[in-house]
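Each chain gets a letter, A, B and so on, in the order the sequences are listed, and its residues count up from 1. Predicted model, so just to flag it, every value in this text is computed and none were measured.
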Number of protein chains: 2
Amino acid sequence: MSHFAHHSEENYLKTLFSLSARDIKKVNNIALAQALKLNPATVLEMVRKLASKNLVEVKKDKTISLTEKGRKRALLTIRKHRLWEVFLVDKLRYKWNEVHELAEQLEHIESKDLIDRLEAFLDYPAFDPHGDPIPDKSGKLKISSTIPLSSGEKGKRYKVMSLAETNDAFLTYLEKLHIKPGMKLKVEDLHSYDQSCSLFVHIDGDP
Amino acid sequence: MSHFAHHSEENYLKTLFSLSARDIKKVNNIALAQALKLNPATVLEMVRKLASKNLVEVKKDKTISLTEKGRKRALLTIRKHRLWEVFLVDKLRYKWNEVHELAEQLEHIESKDLIDRLEAFLDYPAFDPHGDPIPDKSGKLKISSTIPLSSGEKGKRYKVMSLAETNDAFLTYLEKLHIKPGMKLKVEDLHSYDQSCSLFVHIDGDP
DNA sequence: GTAAAAAATTTGGTGTACCAAATAAATAAA
DNA sequence: TTTATTTATTTGGTACACCAAATTTTTTAC
């Protein structure tokens, strides 16, 4: 069965994409291994394989980055992931914080047009349930201007667009606070007593 | 990733189920290997693994059959397969003869309740687009009384319930003749000049 | 510049699921 | 029954995607 041939590759590309989006600093083997929760030896050989397929490139300083081809593949996988998430939430009535694992499986279904049909069925959503934009069928992504809440200004109001973390504990925590994408928050206070930055938020109505 | 751990197992069980349903004769290693399009050596070792897990049993005459546990697992996989087929046809507007390959992938998605939600979303369909019954969530299958068209009586009318063959060429052929499950056919003539049995059919309206 | 720490790489493994080809055992045909 | 044929099984492989532990290389600190 060659149906499932590219699961791993796609995971590597997707992870590389989101690492390069999130972090300013360069991604090395260790960082990628940590993000994927895999052994550095494993990651090393896979990166070589991806490099030989022209999907990633390794610079002289050992920094790993996507090629244009790799970036496109990553975005097409992300497209599948996000459209399936919309399906799970809008049609199967999952909560937005429950769908990540399932979408992780569904994104690997291989078909030329399944995902385009799904997109049409879902009425061409622009964002997934976490507020992240959905790439179009050619792998292009509209960038919306978002800032981390921690760099917001005290007293100002912001609309939650998307979430930097997608781990289950965090999503469940937000669920408990009734915070979800699209919601408006007012920054009450900002205080960074360590590297991280905590803040109080006030939940508004729906003005 | 252990997400995909049981793909092969499920394929073996499903194939064993449909072989035992179709054929009266006992299923041996060669027959199973042919049905799965795999090498007999491969099948042999997998059958041993399945036997050690109490999913199949091998009798003294080398006949391979499902245990009750294996049968249930097979039916739950078939349930997934058929519900996904309904989704693809009813919601994504695929033709009923195009969905087999995709459902083959989708059936392996692992989740306790995804498929139950899908079933609810689809409004608890009793049959898949090929006319085959959909097992319930406990793996039970309602048997409907069907006969092969070749053992029908000349001049009588029959409703197409399901298809014995699911290969693409055959499905495409039926598609060309506009024959699909639910349709009523009248047997014009029966003549078996070889082992197989050919017949002329007359396509009725929708009375 | 050298020692310590960190990162990269090599080496030798694992489990799953597959294969071809050789051999053994069972069945059928003469 | 003895041979021929078909099945079953064993043996020795492959590819993929992973790992731990040892080693080498690079970076950083002193």
**Message:** Whole angstroms only, please: what is the NZ-P distance between B:K49 and D:dT9?
**Reply:** 18 Å
**Item:** Whole angstrom value for the distance that separates C1' of C:dT27 from NZ of B:K60
**Value:** 18 Å
**Asked** What residues form a salt bridge (Lys or Arg N to Asp or Glu O under 4.0 Å) with A:K14, not counting sequence neighbours?
**Response** A:E104, A:E107
**Prompt:** OP1 or OP2 of C:dT16 less than 4.0 angstrom from a side-chain nitrogen or oxygen of B:S8, does that happen here?
**Reply:** no
**Request:** May I have the distance from B:L32 (atom CG) to D:dT6 (atom P), rounded to whole angstrom?
**Result:** 20 Å
**Item:** Pairwise salt bridge (Lys or Arg N to Asp or Glu O under 4.0 Å) hits with a residue in residues 83-93 of chain B, at least two apart
**Value:** none
**Message:** Taking the axis from the first five pairs and the axis from the last five, what angle separates them in the helix from C:dG1-D:dC30 to C:dA30-D:dT1, rounded to 10 degrees?
**Reply:** 10°
**Message:** It should be established whether B:Y12 places a side-chain nitrogen or oxygen under 4.0 Å from OP1 or OP2 of nucleotide C:dC18.
**Reply:** yes
**Summary of side chain to side chain donor-acceptor pair (under 3.5 Å) pairs that have at least one residue in residues 26-48 of chain B, sequence neighbours excluded** = none
At a cut-off of 3.5 Å, list every protein nitrogen or oxygen paired with a nitrogen or oxygen from nucleotides 19-24 of chain D, distance to 0.1 Å.
unit_1, atom_1, unit_2, atom_2, d
D:dC19, OP2, A:N39, N, 2.7
D:dC19, OP2, A:T42, OG1, 2.8
D:dA20, OP2, A:N39, ND2, 2.9
D:dA20, N7, A:N39, ND2, 3.2

**Asked** What is the distance from CG of A:D61 to C1' of D:dT27, rounded to the nearest Å?
**Response** 12 Å
**Message:** Rounding to an integer number of Å, can you tell me how far A:E9 CD sits from D:dC18 C1'?
**Reply:** 15 Å
Do any side-chain atoms of residues 50-60 of chain A form donor-acceptor pairs under 3.5 angstrom with protein atoms, and if so which ones, sequence neighbours left out?
unit_1, atom_1, unit_2, atom_2, d
A:S52, OG, A:K49, O, 2.7
A:K53, NZ, A:E9, OE2, 2.5
A:K59, NZ, A:S65, OG, 3.0

**Message:** Taking the minimum atom-to-atom distance to the side chain of B:R48, which one of C:dT16, D:dT10, D:dA8 wins?
**Reply:** D:dT10
**Request:** Side chain of A:N29 only, please: which of D:dC18, C:dA17, C:dA8 is the nearest?
**Result:** C:dA8
**Request:** Ignoring backbone atoms, test whether B:K62 places a side-chain nitrogen or oxygen under 4.0 Å from the OP1 or OP2 oxygen of D:dT9.
**Result:** yes
**Item:** side-chain hydrogen bond (donor to acceptor under 3.5 Å, both in side chains) partners for B:S18, two or more places apart
**Value:** none
**Request:** Would you indicate what B:I30 reaches in the nucleic acid, counting non-hydrogen atoms under 4.0 angstrom: base, sugar-phosphate, or nothing?
**Result:** sugar-phosphate
**Request:** Enumerate the residue pairs fulfilling ring-ring contact (aromatic ring centres under 6.0 Å, His included) with a member in residues 33-86 of chain A, sequence neighbours excluded, ordered by first and then second residue.
**Result:** A:H81-A:H100, A:W84-A:F87
**Message:** With side chain to side chain donor-acceptor pair (under 3.5 Å) as the rule and sequence neighbours excluded, what pairs involving residues 115-126 of chain B come up?
**Reply:** B:R79-B:D116, B:R79-B:E119, B:D113-B:R117
